[in-house]
Amino acid sequence: PTGPLVIGLPTLAPFPPCPPTAGPAPFLIPFIGDVATNRATNTIWVTDGLTFTEYVGSGPAYGTPVRNFILPLGLVLPAPVTGMDVVLPPFVPVPMLLITDGALVAAIIPPPAPGCVVPAVGIPAFPVAGGVMTDLAWSPNTGSFWVCNIAGIVSNWLLGGALGPGGIFPVAPGPPCGLIPPLTGIAVDVSTPNAFGSPIEIYATDGAGVARFTVGGAPGPVPTFYSPLFCWPTGTPPLNGLGFSLAPIAFGVGTHPLLLPPP
């Protein structure tokens, strides 16, 4: 959360009998492609807008392809995917990928590993009001999803297209983080709200910087151990998509100031 790139995930490893995610989007259209995490399986999904690949998210096999498939245009969405996230039961009967092509939102059911077949339609496409959506993020705490768009607006929606409790509010342009439209990625901190009364927190990026804010657009009020800042530069090439992961990090053996057993 402080900016520097921690680790790169190789997404072009050979994966017969069908191709992995291709990398750069095959269409000369901005915002195509995204990344998402499945916290139940600790895997990472990557799409270039047409091809979807799931990768192992940690451990010795980190970055190994698990399965992939191609989403034919017109199956559920008329255009390539600009944003996606994972939706898990009990909100849906089986795990699904919630996807958008910028105008419509739908959900698909990935085929079993190794994939290589057309996914099933989980939720038929439905429209979402507002500008062109560049990304979306599912919030299991509220049973709704957040979207960001080319105008710098963030909004909250229910499955089916009704406006969610989070409403609609601008994030860019403006202080305190200086994000500039269009927004290119959004993610939800699924650990908030929590037992300490923390409000729902959302992350958004314009590709060059990331902002952490609460519903309504105010900066994230309470620094957390894993996210001490409410805005920071990415320090990488422009981001096109954003995801949130609760993967733990091992910091080594602790020590006690009085030389007692470490906590």
Side-chain angles (χ1 to χ4, degrees), residues 5 7-38 41 43-57 62-87 95-122 125 132-138 145 147-150 182-187 203-208 210 234 236-245:
L5 178 67
I7 190 169
L9 174 68
T11 61
L12 293 176
F15 186 45
C18 54
T21 301
F27 289 76
L28 296 178
I29 305 173
F31 319 123
I32 290 177
D34 197 15
V35 62
T37 60
N38 184 335
T41 58
T43 55
I44 300 169
W45 281 96
V46 181
T47 181
D48 60 6
L50 295 176
T51 305
F52 294 72
T53 307
E54 183 183 28
Y55 298 90
V56 176
Y62 182 77
T64 302
V66 176
R67 54 180 162 171
N68 67 348
F69 61 88
I70 294 175
L71 179 66
L73 293 181
L75 179 67
V76 286
L77 299 174
V81 168
T82 64
M84 70 171 172
D85 206 352
V86 177
V87 184
M96 300 184 187
L97 290 176
L98 191 67
I99 56 176
T100 180
D101 63 356
L104 301 173
V105 175
I108 55 177
I109 303 172
C116 303
V117 297
V118 175
V121 179
V132 176
M133 294 174 284
T134 57
D135 197 7
L136 58 75
W138 174 254
F145 63 95
V147 305
C148 60
N149 68 19
I150 61 173
L183 297 175
T184 62
I186 191 168
Y203 297 82
T205 180
D206 60 0
V210 178
T234 64
T236 63
L239 299 182
N240 180 29
L242 204 61
F244 184 87
S245 174

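Position 1 is the first residue of the sequence, and the numbers go up from there.
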Exercise for review: Over all heavy atoms of both residues, which pair between A137 and A187 is shortest? Give the atoms and the distance, please.
Suggested key: CB-CA, 3.7 Å
Check your understanding: Which atoms form the tightest heavy-atom contact between T184 and L239, and what is the distance?
Key -> OG1-O, 2.8 Å
Review point. Do the non-hydrogen side-chain atoms of T134 and N149 ever get within less than 4.5 Å of each other?
Key: no
Point to revise | Pair V118-F69, side chain to side chain contact (heavy atoms under 4.5 Å, CB included): steps then yes or no | key: CA-CA 6 Å; V118 175; F69 61 88; over 6 Å; no
Exercise for review: Please tell me if the side chains of V66 and V56 come closer than 4.5 Å, counting only heavy atoms from C-beta onward.
Suggested key: yes
Point to revise | Matching residue for D85 among F244, W138, F145 - test: side chain to side chain contact (heavy atoms under 4.5 Å, CB included) | key: W138
Exercise for review: Look up atom CG in L97 and atom CG in N38, then write down how far apart they are to the nearest 0.5 Å.
Suggested key: 8.5 Å
Practice item. Drop me the distance from Y203's OH to L242's CG, to the nearest 0.5 angstrom. Key: 9.5 Å
Check your understanding: Would you say T47's side chain and D34's backbone share a donor-acceptor pair under 3.5 angstrom?
Key -> no
Exercise answer: donor-acceptor pairs, residues 70-84 side-chain atoms, under 3.5 Å, sequence neighbours excluded:
unit_1, atom_1, unit_2, atom_2, d
T82, OG1, T100, O, 3.4
T82, OG1, M133, O, 3.0

Exercise for review: Please check if the side chain of D135 supplies one atom and the backbone of I186 the other of a donor-acceptor pair under 3.5 Å.
Suggested key: yes
Point to revise | Sidechain-backbone polar pair: T53 side chain, N68 backbone, donor-acceptor under 3.5 Å | key: no
Exercise for review: State, to 0.1 Å, how close G49 and I32 come at their nearest heavy-atom pair, and which atoms those are.
Suggested key: CA-CG2, 3.5 Å
Check your understanding: If you take all heavy atoms of I108 and P110, which pair is closest and at what distance?
Key -> O-CD, 3.5 Å
